[in-house]
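Whatever order the structure lists ligands and atoms in, that order sets their numbers, starting from 1.
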Amino acid sequence: MAQRVRKAVLPVAGLGTRFLPATKAMAKEMLTVVDRPLIQYAVEECLAAGIEEFVFVTGRNKGAIEDHFDHAYELETTLAQRGNKRVELKQAEQATIKPGNAIFTRQQKPLGLGHAVWCARHWIGREPFAVLLPDELMVSSPTCTAQLVAAHEKTGGNVVAVMNVPREQTKSYGIVAIKTEKDGLAEMTGIVEKPKPDEAPSTLAWIGRSILMPEVFDHLDRHEVGAGGEIQLTEAMAKLIGTQPFHAMRYTGGRYDCGNRLGFLEANVAVALGRKDTASETRALLERLLKG
Ligand code: UTP
């Protein structure tokens with residue numbers, strides 16, 4: 001039986017250069033979709049998958065993330081005293097993590113995603129763990145991470161979430177090679193970081209959600225610099241293929257790349273249209289704006 005996934009690594013130490021100047025003094029992961037920051041969506045996605053322990057790999061200018069998941073005593077006390085702010089109080093309180101369940105460690109230098117995940121090694125130990133890139137917003141029920149955990153319970157080992165992308169976009173993703181697929185799950189035979197469209201083994205892209213086995217740290221320990229001059233997580237994953245179970249899971253649900261401006265705008269509109277409390281007003285607003 002597969003070991004239960006209890007911990008998640010959330011790498012949030014990137015520079016966010018595609019979103020400057022917004023990310024000059026503020027973490028990209030604190031950008032807000034409708035009314036909550038991206039990082040909160042990632043934490044809620046994990047909680048819905050039964051994962052309750054978090055390792056945040058942070059960098060400079062990321063202090064707001066730690067504060068976000070703490071209690072805000074002054075705010076909460078003021079809201080409680082006002083009596084008519086019960087909903088708002090609940091919203092503020094909901095954005096916390098149980099005491100002792102979050103660790104914040106610094107990457108110090110943004111040497112790549114593989115290096116960021118490696119920084120979490122002591123807190124993960126020798127058990128399977130989830131990795132989520134919080135700038136990718138996933139909207140689905142069950143959550144993308146819950147779908148991965150269910151797949152991991154079936155197959156054991158490593159499982160990564162994939163989606164089809166247009167061939168001309170393969171150079172922006174880790175692209176997987178698979179054997180025959182059954183019920184959305186396929187054994188993986190390879191993963192290549194950012195291949196040119198004519199060299200990509202498929203159009204199935206890794207979308208920033210995985211369950212990984214701790215052996216990935218044995219490869220990350222070597223600090224091998226790969227594509228783009230960075231220590232790549234996908235390249236360490238590739239080394240595990242063939243040594244232990246490694247599957248690609250076709251994710252079904254909405255996916256928004258909030259690391260770029262258009263994806264972020266799309267996420268805001270899509271989430272607002274998908275929520276009961278904001279749908280009709282958003283639709284009316286869009287119609288008004290489109291009429292010009
Ligand atoms: P991105 O590839 O989006 O990199 O990283 P970035 O630096 O944040 O953004 P751009 O490309 O400069 O605009 C995907 C995820 O990996 C984290 C990022 O914070 C983001 O959540 N990351 C990336 C690290 O934690 N450390 C790194 O060295 C690189």
*Identity and distance of the protein heavy atom lying nearest atom 23 (C) of ligand 1*: G14 CA, 3.9 Å
*In plain terms, say whether R222 and E235 are close enough for a salt bridge, that is, a side-chain N and a carboxylate O under 4.0 Å apart.*
no
*Counting each atom of ligand 1 from 1 as listed, which ones have a heavy atom of A116 under 4.0 Å away?*
24 (C), 25 (O), 26 (N)
*Per the side-chain contact (heavy atoms from CB on, under 4.5 Å) rule, which among H152, M188, E187, E181 passes with H247?*
E187
*Which protein non-hydrogen atom lies closest to atom 9 (O) of ligand 1, naming both residue and atom, and how far is it?*
K28 NZ, 3.1 Å
*Distance to 0.1 Å, residue and atom name: give those for the protein heavy atom nearest to atom 12 (O) of ligand 1.*
T17 OG1, 2.5 Å
*ligand 1 and G259, any nitrogen or oxygen pair closer than 3.5 angstrom?*
no
*Is there a nitrogen or oxygen of F19 sitting under 3.5 Å from a nitrogen or oxygen of ligand 1?*
no
*Run the numbers for me: atoms of ligand 1, each under 4.0 Å from some heavy atom of P110, listed by number.*
28 (O)
_I need the atoms of ligand 1 closer than 4.0 Å to a non-hydrogen atom of L15, numbered in the order shown._
6 (P), 7 (O), 8 (O)
*Can you list the atoms of ligand 1 that are under 4.0 Å from a heavy atom of P134?*
21 (O)
*Looking only at heavy atoms of G112, does any of them come nearer than 4.0 Å to an atom of ligand 1?*
yes
*Record the part of V12 in heavy-atom contact with ligand 1 below 4.0 Å; permitted values are side chain, backbone, both and neither.*
backbone
*asked:* So for ligand 1, is P11 a polar contact partner (N or O within less than 3.5 Å, distance only)?
replied: yes
*Are any of the N/O atoms in R18 less than 3.5 Å from those in ligand 1?*
yes
*Please tell me if the side chains of E230 and V225 come closer than 4.5 Å, counting only heavy atoms from C-beta onward.*
no
*Run the ring-centre check on F69 versus F56 and record whether the distance is less than 6.0 Å.*
yes
_Once you measure the plane-to-plane angle for H223 and W118, does it fall in the parallel (<30°), tilted (30-60°) or perpendicular (>60°) bin?_
perpendicular
*Minimal non-hydrogen separation, F217 against V117, with atom names*: CE2-O, 3.4 Å
*Which is it for T23 and ligand 1 at heavy atoms under 4.0 Å: side chain, backbone, both or neither?*
neither
*Out of curiosity, I39 CD1 to D135 CG, how far, rounded to the nearest 0.5 Å?*
9.5 Å
*Identify the protein heavy atom lying closest to atom 25 (O) of ligand 1, giving its residue, its atom name and the separation to 0.1 Å.*
A13 N, 2.8 Å
_Salt bridge flag under 4.0 Å for residues R275 and D35_ = yes
*Calculate, to the nearest 0.5 Å, the distance between atoms CD and CG belonging to E224 and D221 respectively.*
11.0 Å
_Measuring from non-hydrogen atoms of E29 to any atom of ligand 1, is the shortest distance under 4.0 Å?_
yes
_Residue that, paired with M237, satisfies side-chain contact (heavy atoms from CB on, under 4.5 Å) out of V160, N158, L220_ = V160
_Between R6 and E52, does any NZ, NE, NH1 or NH2 come within less than 4.0 Å of an OD or OE carboxylate oxygen?_
no
*Numbered atoms and elements of ligand 1 in range of Q107, under 4.0 angstrom, heavy atoms*: 24 (C), 25 (O), 26 (N), 27 (C), 28 (O)
*Which residue holds the protein heavy atom closest to atom 16 (O) of ligand 1, what is that atom called, and what is the gap in Å?*
L113 CD1, 3.6 Å
